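Treat the numbers as computed from the prediction; the structure is a model and nothing was measured. In the text below, chain A, chain B and the rest are named by the order of the sequence lines, each starting its count at 1.
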2 protein chains.
Amino acid sequence: MNRELLDTEHVLHLKRLGINTSQEAVIYMREDCAICRSEGFAAHARVKVELNGRSIIATINVVTSAFLSPGEAGLSEAAFHLLRGSEGERITIHHPSPLNSLSAVRSKVYGNQLNQTQFSAIAKDIAKGRYSDIHLSAFLTGCAGENLNRAEIVALTRSMIDVGDRIDWGRSPIVDKHCVGGLPGNRTTPIIVAIAAACGLTMPKTSSRAITSPAGTADAMETLAPVELSIDAMRKVVENEGGCVVWGGGVNLSPIDDILIRIERVLDLDSEGQLVASVLSKKAAAGSTHLVLDLPVGPSAKVRSSKAARSLSDHLIAVAECLGIKATAMLTDGLQPVGAGIGPALEAQDVLSVLKNEQDAPVDLHKRAVTLAGEILELASKVPSGQGVQMAHSAIVDGGAWNKFQAICDAQGGMKTPPHASQTFPIEASRSGRISAFDNRLLSRIAKLSGAPGAPAAGLKLHKKIGDSVSKGEPLYTIHAETPGEINYALEFVRSSSDVIVIEEIR
Amino acid sequence: MNRELLDTEHVLHLKRLGINTSQEAVIYMREDCAICRSEGFAAHARVKVELNGRSIIATINVVTSAFLSPGEAGLSEAAFHLLRGSEGERITIHHPSPLNSLSAVRSKVYGNQLNQTQFSAIAKDIAKGRYSDIHLSAFLTGCAGENLNRAEIVALTRSMIDVGDRIDWGRSPIVDKHCVGGLPGNRTTPIIVAIAAACGLTMPKTSSRAITSPAGTADAMETLAPVELSIDAMRKVVENEGGCVVWGGGVNLSPIDDILIRIERVLDLDSEGQLVASVLSKKAAAGSTHLVLDLPVGPSAKVRSSKAARSLSDHLIAVAECLGIKATAMLTDGLQPVGAGIGPALEAQDVLSVLKNEQDAPVDLHKRAVTLAGEILELASKVPSGQGVQMAHSAIVDGGAWNKFQAICDAQGGMKTPPHASQTFPIEASRSGRISAFDNRLLSRIAKLSGAPGAPAAGLKLHKKIGDSVSKGEPLYTIHAETPGEINYALEFVRSSSDVIVIEEIR
């Protein structure tokens, strides 16, 4: 056999087809191409694609029509970027080496405990794009629920840190906070960063985009300033201003987290271990030393019971300690949304209103932000125990936090005004009475159907909170959207749902 | 809002792009199309596609280049067939209804027991193509290992039967056999069908293609006769000849089994419950009343211990009883491959050799086939207990089985001669001694790398069995392939593997 000859036959010319498959690497090959014929590749086989010494694994889609010429192969946009290809370049195609880390995934699925070596092998293969969506889904499912023990969570977290960059700030403390999502509108982060930085702490915050919610901190912050900064750009902002709020996926910290989150979003699975690893891998890679965790608890929040919250916070604090991070957790009220807005721009407006200390600023958002910021100030020993909240509150009242926030936005690339929706539709109370409960999940669903977070101005604005009295016909909330179609989807859902907001008769 | 206007805007013209994505339904939509713009669909979103009252759910791939014109949408071949579309037809695109059965999948992943209603909802959604590969992978992973209890396996099996056709033969007994795979070359089925039919039993056999092995019965049989028959065609063969060997996926029996098997193949997961449901849903849908199960047990077979085999056979027999099938299981020797050939055509050659009662026919294959056929004859009360093997053996010796087999092949569309490989390469013993063990998994891997089952002539042919003595340099087995590239892949693997065949020194 002439190995060299065989390799020559494996060459195809790269064509950019402009097909966006999300993150999945796909290679489009003609059914009649020499490689498919001679090597017996079939649809859905995985192959190794090489270009200038770089290689990726891609799933074959076999093309039976003429939009590829003989000798050409196409790549999905994700594969094109992963391989850093240019149109016309010569790629070579091979059978991929067996994906040995999959045996660890299977072992996990069968209920066995994995060690550091196994998690590291899995994380490395995922980072290199070697897992198809089917493999990723099995890995996440195997780790879902409470399937990972403490040691496994630590190992998974370490493996996620190791495949990305890690920032060394050359100083301590580096403070951070994290909210374990599920509570719509709980957008305290930009406020807390402004307070902490105004009080002289260093708080380089990397945040995520929405996973299953209508807005993540990065989505909301993006309506106020650019959030996709490189590590170098982020470092500059932090060195000058003491804080930042950037998208974690824009810097290469725990890069596989976003790959896993994309699959989690499709599955809508909760996974305690994955959640801990996702949160802490980002924090450790970002160089955080002190971390305050916000765990909203409520029947329709992400964490539904105090028991679940304690289990989660125990894991978070213990795993953080293994990574050299001092962490503390606050169980907070998760009964109703925080602030008035739900959706990127609407939440950003609440943030501005609190930071500017405006008279009609949402009291609950103000209070939560100040409480968490106070905890951070104490954890980092900026103030003696018991005095954190007062110091945080003062930073709002004296305008220090607002000035700092504007400076941070400018440093991130320029402050922007959040967009307003072109379409709005008020939802009125069907009866008179007093508000007794919110279904946070249904509210999130409505905001998502209205276009959030993809459409930044979309979402909804609440006019009432628990305990408020309403008259029949009075608006409870207003749906915001960027297209009539999206208003319609949201309305269809509102009309088919009961008890989004519960109104009790006043006796 | 004008709902009708909105619906009109949802119309696109169908273009056949000729992209084979395997079974996944994908819709290709222009980034700038009115629907993507106004509705905010993004890459990897799932949409409902309607055509003439039929609908499917498809995953969006967003196209940023010009191979789709404005107003056009493309479908993957799988989606095109599922929707029964024609080029230029008007399709409408909507947000899909929420996939409620996914909450049952999540519940299973979290370790809860599912009931009949939940499994039925899942099976129905899978049959309608509503699950993406990510969802299917999570479902299979959630059911993997020993995660399903007896009641769940029965419920899953029933749900799989219910979404397909079911054959009523109008008579009893309808005999059947099934081998729980893992043992290369164990191709007894065509022989057993020939014996049973020759002895006057009715044995309408539906078989699968390879899942993770180098050949399934359908793959091997296909080198001897057409196996993709409709139910009507199959019925005709059985009415005339008393037996058949057809591909189960060609008739619409338990149609989601093949969808699940495609994902299982990518994951290479073992799942006791899924295995039982897969086997028995096909048997029940095929109208079987009496079933003999062959469970090869060995350290490198699919079932590795007698304990695992008993657990599996207990499940199979009990679930079969719930479905009205009388089943019995035989634990057989799984230490080494059966017969000489591994791979579709090479196994078919062994089958022919046994049926023709040739002098050099593999003794082990003959013995297994006759033993299992004897069990079937007794289970169906064709002979008194203890006399089945003798009757089966006689059917081989007197030529009855061989004549019957030829008649069945002719009835299925014409008997063929199995192809021979253009490339062969002998693997020689590295030392002298006596063969003491085979690694069935590695042998399967070599046969698969050589191209089996996709390339029907590919695989390998064994020249030695356990207990045989060999001299250094004597061929142990010969690799068969259809291309030099595939011989190369197999050889690379052989050279990097140790102990595929263990040779012990003779003292």
Straight-line distance of [X] [atom1] to [Y] [atom2], nearest 0.5 Å:
X      : Y      : atom1 : atom2 : result
B:E272 : A:Y110 : CD    : OH    : 11.0 Å
B:T64  : A:L17  : OG1   : CG    : 9.5 Å
A:D133 : B:I134 : CG    : CD1   : 4.0 Å

Please classify the contact of [X] with chain A as side chain, backbone, both or neither, using a heavy-atom distance under 4.5 Å.
X      : value
B:A455 : neither
B:S132 : side chain
B:R445 : side chain

Nearest heavy-atom neighbours spanning [X] and [Y]:
X      : Y      : result
A:Y28  : B:N61  : OH-OD1, 4.0 Å
A:I19  : B:F67  : CD1-CZ, 3.5 Å
A:L267 : B:R106 : O-NH1, 2.8 Å
B:S137 : A:A138 : OG-N, 3.3 Å

### Message
Are B:L102 and A:D268 packed together at the side-chain level, in the sense that at least one heavy-atom pair is separated by less than 4.5 angstrom?
### Response
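No; the side chains remain at least 4.5 Å from each other.
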### Side-chain donor or acceptor of B:T141 paired with backbone N/O of A:G142 under 3.5 Å
no
### Message
Under a 4.5 Å cutoff for heavy-atom pairs, which residue among B:L140, B:V26, B:L99, B:V63 has the most contacts with chain A?
### Response
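Top option by heavy-atom pairs under 4.5 Å: B:V63.
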### Message
Heavy-atom pairs under 4.5 Å with chain B - which of A:L269, A:V109, A:L68 has more of them than the others?
### Response
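Among the listed options, the one with the most contacts to chain B is A:L269.
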